[in-house]
Amino acid sequence: MSSTPPGSEAEVGQLIAAYQQYQAQAEALVRQVSLTQLTMEGLDRAISAINALEGAAEGQDMMVPIGSGSFVHAKLASKEKVTLNIGAGVSIEKGTADAKQMLIARRAEVAEGAKKLNEILGKLDQEMSRIQSILAMYQEQAEAGVSPAAAARGAVAGQRPGAGVFGGQQPGPGPIGPGA
Amino acid sequence: MSGELPPQVQNQLAQLQQLQQQAQAVMAQKSQIDGLNRETDAAIKELEKTPDDAVIYKSVGEILIKAEKAKLVEELKERKDMMDLRLKTMTKQEERIQSRFTQLQEQIRNSLGQQPPRGG
């Protein structure tokens with residue numbers, strides 16, 4: 001990772017900084033993955049509702065959610081139209097089939113995004129394990145005497161994020177950047 | 001450990017931490033605006049693909065109000081221009097913080113380099 005001698009205090013410091021930066025990136029990614037999962041669940045609910053509409057009759061009694069698990073009575077005025085949110089506070093009325101197709105496409109996009117995020121997470125995890133094993137090796141080597149590696153293990157176990165001023169935007173400490 | 005450092009270095013380290021916090025705040029804001037910008041862009045594209053007579057609603061609080069496509073597209077474009085401007089300002093701010101951070105890091109490195117070696 002640099003020209004610093006292996007096992008030196010400087011190298012151990014660099015490894016810890018890299019580890020902490022990867023960890024901060026991993027934590028941010030985990031948050032993003034859970035958000036994408038929530039989005040997918042919402043899309044699944046919308047698709048199921050449209051599927052249910054296909055079998056419903058116009059004028060059928062319904063319960064419409066008003067939040068907090070509360071409902072009001074309603075009648076299905078049209079099962080031919082669905083109004084879809086397209087973001088930025090805009091919604092467009094679509095035919096039921098079109099709306100369903102759009103939601104399915106959106107779900108596929110979100111799933112693809114989640115897959116990519118998980119791949120990056122996997123790489124970060126590998127890199128963090130690699131650093132941990134190097135630090136463990138230094139610790140074993142140093143157990144006979146006093147070495148910075150011993151302190152290093154403790155610092156990594158402390159797991160404090162944030163290595164560079166712009167974290168992920170800084171040139172990454174290893175082969176994995178945020179855009180990987 | 002910081003108790004062993006000269007007050008000047010301690011002060012510089014505190015500044016460094018402050019800069020890091022500022023950087024994080026700017027980054028968070030920037031990524032939020034960036035997300036909104038992309039969302040607005042996607043909405044404009046979707047609206048442009050939609051026929052002129054399509055039924056379109058704009059959300060105001062919890063309710064949806066019927067809107068005209070042309071007016072809405074114009075409104076979204078204005079909003080996007082404003083966000084682009086804010087993003088530019090933030091990028092400059094980010095660059096300023098980054099350069100100050102590097103400068104301060106260098107100063108700390110120099111100050112520590114000049115420090116007499118610690119015993120033990």
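Residue numbers start from 1 in every chain, and the chains themselves are labelled A, B, ... in the order their sequence lines are given, proteins ahead of strands. Worth saying up front: this structure is predicted, and the values here are computed from it rather than measured.
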Looking only at heavy atoms, which two atoms of B:Y57 and B:L64 are closest? And how far apart?
->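 So the minimum-distance heavy-atom pair works out to CB-CB, 3.9 Å.
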Charged N-O contact under 4.0 Å between [X] and [Y]:
X      : Y      : value
B:D34  : B:R38  : yes
B:E106 : B:R109 : yes
A:K75  : A:E58  : no

Which members of residues 42-50 of chain B, sorted by number, sit under 4.5 angstrom from chain A on a heavy-atom basis?
-> B:A43, B:E46, B:L47, B:T50
Take atom [atom1] in [X]; do more than 12 heavy atoms of anything else shown fall under 6.0 Å from it?
X     : atom1 : answer
B:Q18 : CD    : no
B:K58 : NZ    : no
B:E68 : CD    : no

Which region of B:L36, side chain (C-beta onward) or backbone (N, CA, C, O), has a non-hydrogen atom less than 4.5 Å from a non-hydrogen atom of chain A, or is it both or neither?
-> neither
Inter-residue atom distance A:L121.CG - A:Q126.CD, 0.5 Å rounding | 11.5 Å
With chain A, the option among B:T102, B:V55, B:L72, B:V60 that has the most non-hydrogen atom pairs under 4.5 Å is B:V55
Chain B contacts: which residues in residues 82-106 of chain A have a non-hydrogen atom closer than 4.5 Å to it?
-> A:T83, A:I86, A:G87, A:A88, A:G89, A:V90, A:S91, A:I92, A:E93, A:K94, A:M102
What's the verdict on side-chain contact (heavy atoms from CB on, under 4.5 Å) for B:R100 and B:I97, showing C-alpha distance, side-chain angles and the deciding distance?
-> CA-CA 5 Å; B:R100 177 75 188 119; B:I97 294 174; 5.7 Å; no
Will you find, in the side chains of A:Y19 and A:E127, an N or O donor that is under 3.5 Å from an N or O acceptor?
-> no
